[in-house]
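Numbering of residues begins at 1 and proceeds along the displayed sequence.
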Amino acid sequence: MQSLGEHLIALRRILLRSAAAIAIAFVAVFYVAIEQLMGFITGPIVERGIVVIYTEMSAALMTKMKVAFIAGVVVASPYVFWQIWAFIKSALYDHERRMFRVTFAATVFLFLLGVAFCYAAVYFLAVDFFLVAGENLATPMLAIDKYVSFLFGFVLPFGLAFELPVALYMTTRMGLTDYKMLASKRKFVILAVVVIAAFLTPPDVVSQVMLSIPILLLFEISLMICKVVKPSGKTAE
């Protein structure tokens, strides 16, 4: 068994390798694919006839770097995850390793599903809402830095919200929640989801409803999962 100092050295090595992988991916994206990425990000609003501008000298460059960094993290994530797995797997039993792999895969899948759902089904409904709200008032011209921040600030909460089944599964496994308790609190959950959706999305009904509905569906799916999951050390009935 390794000592605490050896674990810390191993952790430091993982952090350095992960940081190096992200840095390499960032440089590669910035010099090879950033123009294509920016075109993909701004294409849908340009097609709507909106002029994209920047209002500060460094805004365009900093926005490109921000996008390249996020893309670099995504590109490097398989290597980072592999490093994390290599670090923790030695401390897990075989059944814990299998459970970790399944839970981790579900976490990644649900996050990506939430982001994809938002971008494909919700985001541009919100964009169109704001454009309609501004008709006959002013000509829309979006600053690129603010637009990119708005985009990421809009889609990322959807990815996090779609983690609800994993979160409830983990709390049930730890004995913090159970099916009966969650089912009895359904009306409070509905209220909480509506309130949270109002905070996470822009102030329009469409995006709030489009976030609330899938979260409530995921909550019902989570209930079915929790019904057969028992706390660690117990078996399902």
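- Here NZ of K180 is found 10.0 Å from NZ of K227. Values are rounded to the nearest 0.5 Å.
- Rounding to the nearest 0.5 Å gives a distance of 9.5 Å between CG of L110 and CG of L164.
- Qualifying side-chain hydrogen bond (donor to acceptor under 3.5 Å, both in side chains) partners for E163, counting only residues two or more places apart in sequence or in other chains: none.
- One distance of note links OH of Y147 with CD1 of I50; it measures 8.0 Å at 0.5 Å rounding.
- Under the 4.5 Å side-chain heavy-atom criterion for grouping Ile, Leu, Val, Met, Phe, Trp and Tyr, W85 is connected to V75 within one hydrophobic cluster.
- Within the 4.5 Å cutoff, the side chain of L156 has heavy atoms near those of the F111 side chain.
- Among all heavy-atom pairs drawn from T63 and V148, the shortest one is CG2-CG2, 3.5 Å.
- Of all the heavy atoms in A21 and Y79, the pair that sits closest is CB-CD2, 3.5 Å.
- Partners of R98 according to the salt bridge (Lys or Arg N to Asp or Glu O under 4.0 Å) rule, which considers only residues two or more places apart in sequence or in another chain, do not exist here.
- No continuous path of ILVMFWY side-chain contacts below 4.5 Å connects L112 to V74, so the two sit in separate hydrophobic clusters.
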Hey, can you pull the donor-acceptor pairs under 3.5 Å for the side chains in residues 27-46, sequence neighbours left out?
{"unit_1": "E35", "atom_1": "OE2", "unit_2": "K64", "atom_2": "NZ", "d": "2.8"}
{"unit_1": "T42", "atom_1": "OG1", "unit_2": "M38", "atom_2": "O", "d": "2.8"}

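- Both I225 and V193 sit in one connected hydrophobic cluster of ILVMFWY residues. Membership requires side-chain heavy atoms under 4.5 Å apart, directly or through other members.
- Separation of atoms CD1 (I84) and CH2 (W82) is listed at 12.0 Å; rounding is to 0.5 Å.
- The minimum heavy-atom distance between C226 and L168, with the atom names listed, is SG-O, 3.8 Å.
- The main-chain N or O of F100 is never found under 3.5 Å from a side-chain atom of T103 such that the two would form a donor-acceptor pair.
- Within the 4.5 Å cutoff, side-chain heavy atoms of F69 are placed close to those of I22.
- The CE atom of M141 sits 5.0 Å away from atom CD1 of I53, with the distance rounded to the nearest 0.5 Å.
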### Message
Test side-chain contact (heavy atoms from CB on, under 4.5 Å) on V115 and F158; report intermediate values, then the result.
### Response
CA-CA 6 Å; V115 170; F158 274 76; 5.9 Å; no

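- Between A183 and L223, the shortest heavy-atom distance links the atoms N-CD2, 3.8 Å.
- Considering all non-hydrogen atoms of both residues, Y54 and A60 come closest at CD2-CB, 3.9 Å.
- A continuous path of ILVMFWY side-chain contacts below 4.5 Å connects M224 to M170, so both sit in one hydrophobic cluster.
- In the hydrophobic clustering of ILVMFWY residues, with side-chain heavy atoms under 4.5 Å counting as a link, F117 and V108 come out together.
- Atom CG of L61 sits about 12.5 Å away from atom CD of E56, to the nearest 0.5 Å.
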Considering only distance and modelled atom types, tabulate donor-acceptor pairs under 3.5 Å from the side chains of residues 213-220, sequence neighbours left out.
{"unit_1": "E220", "atom_1": "OE1", "unit_2": "R186", "atom_2": "NH2", "d": "3.3"}
{"unit_1": "E220", "atom_1": "OE2", "unit_2": "R186", "atom_2": "NE", "d": "2.9"}

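- The minimum heavy-atom distance linking F26 with M65 is given by the pair CE1-O, 3.4 Å.
- Taking the ring pair (Phe, Tyr, Trp, His ring centres under 6.0 Å) definition, one finds that F104 meets it with F81, sequence neighbours left out.
- In this view, S149 and K66 satisfy the side-chain hydrogen bond (donor to acceptor under 3.5 Å, both in side chains) rule, not counting sequence neighbours.
- Inter-residue side-chain proximity for S222 and L182 is flagged as unmet; no heavy-atom pair is nearer than 4.5 Å.
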### Query
Between V67 and F152, is a side-chain contact (heavy atoms from CB on, under 4.5 Å) present by the stated rule, with each step listed?
CA-CA 10 Å; V67 171; F152 288 134; 4.3 Å; yes

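- Aromatic ring pairs are classed by plane angle as parallel below 30°, tilted from 30° to 60° and perpendicular above 60°; the pair Y123 and Y119 is parallel.
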